[in-house]
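Report on the following structure.
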Amino acid sequence: MTNKLGNLVLDRWIDGAGDGTVLSSAVTGEPVASITSDGLNFADVLNYARTVGGTNLRKMTFHARGEMLKELAKYLMEHKKEFNALSGETGATRGDSWVDIDGGISTLFVFSS
């Protein structure tokens with residue numbers, strides 16, 4: 001089968017319950033991955049976001065938040081080839097992918113400044 005995509009919640013990767021929904025290539029129809037959030041406790045997720053994520057974010061200075069966004073943008077730039085390949089599986093053209101991937105990463109760089 002394909003890779004099952006996890007959920008990054010509660011500061012760790014958690015697989016949803018069951019097989020999930022199969023995500024297929026729009027080009028070949030072949031399975032690319034499966035995904036599910038079944039079995040996740042969204043009340044716990046929301047509580048964690050409020051009490052841990054939000055609390056830690058509020059402790060950061062505006063400059064530190066910008067640096068965090070910049071580091072994320074740099075990481076995403078390093079993996080751009082992978083994103084372009086995956087984007088092609090959706091049926092997107094290279095131009096479509098450029099707007100979504102490069103545009104999104106560029107937006108992070110702008111927000112980080």
Side-chain angles (χ1 to χ4, degrees):
M1 179 55 172
T2 59
N3 291 331
K4 184 174 179 183
L5 302 178
N7 304 279
L8 182 57
V9 294
L10 307 173
D11 205 24
R12 64 186 188 275
W13 286 98
I14 301 173
D15 284 340
D19 294 333
T21 300
V22 174
L23 307 173
S24 300
S25 168
V27 178
T28 66
E30 295 294 317
V32 176
S34 67
I35 189 166
T36 181
S37 60
D38 290 345
L40 297 182
N41 184 327
F42 286 98
D44 287 348
V45 173
L46 183 56
N47 182 58
Y48 185 90
R50 289 178 173 155
T51 61
V52 178
T55 299
N56 288 334
L57 190 60
R58 286 186 292 277
K59 288 178 186 176
M60 296 173 71
T61 64
F62 192 72
H63 180 73
R65 291 179 192 193
E67 284 297 314
M68 185 172 59
L69 288 177
K70 183 178 181 181
E71 291 304 312
L72 174 59
K74 287 169 31 180
Y75 175 85
L76 294 174
M77 283 291 287
E78 292 172 5
H79 296 274
K80 203 164 65 167
K81 281 186 180 181
E82 297 165 54
F83 303 141
N84 282 317
L86 283 172
S87 183
E89 294 296 334
T90 69
T93 66
R94 180 80 175 132
D96 294 334
S97 299
W98 180 84
V99 170
D100 294 337
I101 297 167
D102 289 80
I105 294 170
S106 295
T107 299
L108 279 175
F109 276 119
V110 169
F111 286 173
S112 75
S113 64

message: Distance check, rounded to the nearest 0.5 Å: L108 atom CG versus M68 atom CE?
response: 10.5 Å
- prompt: CG of D15 to CG of L40: how many Å apart, nearest 0.5 Å?
  reply: 9.5 Å
query: Do you know which two heavy atoms are closest between T51 and T55, and how far apart they sit?
result: O-OG1, 2.7 Å
- line: Applied to residues 43-60, the salt bridge (Lys or Arg N to Asp or Glu O under 4.0 Å) test, sequence neighbours excluded, yields none
- prompt: ring pair (Phe, Tyr, Trp, His ring centres under 6.0 Å): which pairs involve residues 4-57, sequence neighbours left out?
  reply: none
- prompt: Is there a donor-acceptor pair under 3.5 Å between the side chain of S112 and the backbone N or O of F109?
  reply: yes
message: Tell me if a side-chain donor or acceptor on N7 pairs with a main-chain N or O of T36 at a distance below 3.5 Å.
response: yes
task: Establish whether V52 and L57 are linked, either directly or via other cluster members, by ILVMFWY side-chain heavy-atom contacts under 4.5 Å.
output: no
message: Go through it in stages, so that I can follow the logic: the residues are T93 and D96, the test is side-chain hydrogen bond (donor to acceptor under 3.5 Å, both in side chains), and I'd like the CA-CA distance, side-chain angles, deciding distance and then a yes or no.
response: CA-CA 5 Å; T93 66; D96 294 334; 3.1 Å; yes
message: Is there a continuous path of hydrophobic side-chain contacts, each under 4.5 Å between heavy atoms, that joins V99 to M77?
response: no
query: When rounded to the nearest 0.5 angstrom, what distance separates OG1 in T21 from CG in L5?
result: 11.0 Å
query: What pairs meet the ring pair (Phe, Tyr, Trp, His ring centres under 6.0 Å) rule with one or both residues in residues 52-85, with sequence neighbours excluded?
result: Y75-H79
task: With sequence neighbours excluded, give me every salt bridge (Lys or Arg N to Asp or Glu O under 4.0 Å) pair touching residues 97-108.
output: K80-D102
- prompt: Tell me the salt bridge (Lys or Arg N to Asp or Glu O under 4.0 Å) pairs involving residues 5-14, sequence neighbours left out?
  reply: none
- prompt: If you look at every heavy atom in A26 and G91, which pair is closest and at what distance?
  reply: CB-N, 3.9 Å
- prompt: With I101, which of L76, N84, L86 fulfils side chain to side chain contact (heavy atoms under 4.5 Å, CB included)?
  reply: N84
- prompt: What residues form a salt bridge (Lys or Arg N to Asp or Glu O under 4.0 Å) with E71, not counting sequence neighbours?
  reply: K74
